[in-house]
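Worksheet: the structure to be examined is printed underneath.
Chain letters run A, B, ... following the sequence lines, proteins first, then strands; residues in each count from 1.
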Protein chains: 2
Amino acid sequence: MNSQKKFKELLKENGLKATTQRIAILEMLSSNPGKHLTAEEIYDCVRQDYPEIGLATVYRTIQLLSELGLIEKLILDDGYLRYEIGTSSKGDLGHHHHHLICLHCGKIDTFQDDLLENLESRIKEIMGFDVVDHEVKLYGHCKQCRGEK
Amino acid sequence: MNSQKKFKELLKENGLKATTQRIAILEMLSSNPGKHLTAEEIYDCVRQDYPEIGLATVYRTIQLLSELGLIEKLILDDGYLRYEIGTSSKGDLGHHHHHLICLHCGKIDTFQDDLLENLESRIKEIMGFDVVDHEVKLYGHCKQCRGEK
DNA sequence: TTGGGTGCAAAGGCTTTGCATGTGA
DNA sequence: TCACATGCAAAGCCTTTGCACCCAA
């Protein structure tokens, strides 16, 4: 099944209309895995194929997809919300990857790890807090930037 | 030494003038440890003692203090930047506490842990990425909200 | 004295919303 | 057909900035 058809069904499953715009956004995001794009960047990218699309539609769509868990939201402190295609299956929270953010060049890399599961069970024991999702950002210097110095 | 005097010296050490407003903000934040206040909330709080203070001054001051490492910044996804008095000594990055954020009542709790040190050294080995700071947010349900359900 | 700091108001910049039009089911 | 979705423009909202005045050193 091609990706367009897959997204069409995915949208319908969630009670949404499978519009050209929504499919275009999903396709664009899924062909850029690991990139963490702002609404504006998504807009510019999608507009190359669908020049008629409006920025407001991009905002509405990513908010929708984010609520459904199809895409993941990332907040850095540059004032932009960023999105990437979900790595986990729908609703499967708690298995996000970690983000490695280079303080020098701004590049965002990812790292998969289960180390936090220990921490989460300990927190449940000690604090009575039941963790259902987590977000880890690691700031530092990437290989390339370290080499250049 | 009283806290006012302490903050006065702290500011001077950093080449800043020890103004009434800056000291008031520092005192307010330090008397509310563990609270994660927005600029507006800081403004409202400080204004009870210093009604003349301006919101712009609050923004300028928290930005300044944040750059100096005297206060810590926290970004949730509600569109506000939040601040709390620093827990680590100045410049001692990498020893922040983790944040437990209740999805039900919005309460933010903290948890101290060194578990990430393992992860960080592994990342350095595998990815060549040198971690200097991290931020961990754990979303879930706090003890009280779990009890109510 | 004097250069950094403050207060006020205006401007910025990202995101959301209102409304008329368009379109997938 | 018709309720949902889109596009455009305007509004919202948090934060920053310009500028004249003020005050800590």
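- For the pair A/K17 NZ and D/dT1 P, the interatomic distance rounds to 14 Å; values are reported in whole Å.
- Going from atom OH of B/Y83 over to atom P of D/dT15 covers 7 Å, rounded to whole Å.
- Using a 4.5 Å heavy-atom cutoff, the side chains of B/V131 and B/M127 are not in contact.
- If you take CD1 of A/I62 and C1' of C/dT16, they are 11 Å apart, rounded to a whole angstrom.
- Nearer to the 5' terminus of DNA chain C, by closest-nucleotide assignment, is the contact made by B/G15 (compared with the other of B/G15 and B/A56).
- Side-chain contact annotation: A/H99 with A/H36, donor-acceptor N/O pair under 3.5 Å present.
- For the pair B/R22 CZ and C/dG7 C1', the interatomic distance rounds to 14 Å; values are reported in whole Å.
- Not a single donor-acceptor pair under 3.5 Å links the side chain of B/K137 to the backbone N or O of A/K137.
- The shortest distance between the side-chain N/O atoms of A/Q63 and the OP1/OP2 oxygens of C/dT15 is not below 4.0 Å.
- Counting non-hydrogen atoms under 4.0 angstrom, A/R60 reaches a base of the nucleic acid.
- In this entry the distance linking OH of B/Y50 with C1' of C/dG5 reads 16 Å, nearest Å.
- When the side-chain nitrogen and oxygen atoms of A/Q21 are compared with OP1 and OP2 of C/dT23, none of them lie within a distance under 4.0 Å.
- Between A/T19 and C/dT23 there is no side-chain N or O to OP1 or OP2 distance below 4.0 Å.
- Here the P atom of nucleotide C/dT15 and the OH atom of A/Y80 are 8 Å apart, to the nearest Å.
- Comparing B/G79 and B/A18 along DNA chain D, the residue whose closest nucleotide (by nearest heavy atom) sits nearer the 5' end is B/G79.
- Residues B/Y80 and B/L76 do not share a hydrophobic cluster, defined by chaining ILVMFWY side chains whose heavy atoms lie under 4.5 Å apart.
- Side-chain contact between B/V136 and A/H134: absent, with no pair of heavy atoms (C-beta onward) separated by less than 4.5 Å.
- Within the structure, every side-chain polar atom (N or O) of A/Y59 is placed at least 4.0 Å from both OP1 and OP2 of C/dT16.
- As judged by a 4.0 angstrom heavy-atom cut-off over every strand, B/E52 is placed among residues touching the sugar-phosphate backbone only.
- If you measure from atom CD of B/E9 to atom P of D/dA24, you get 17 Å, rounded to the nearest angstrom.
- Atom pair B/L16:CG and C/dG5:C1' shows a separation of 10 Å (rounding to whole Å applied).
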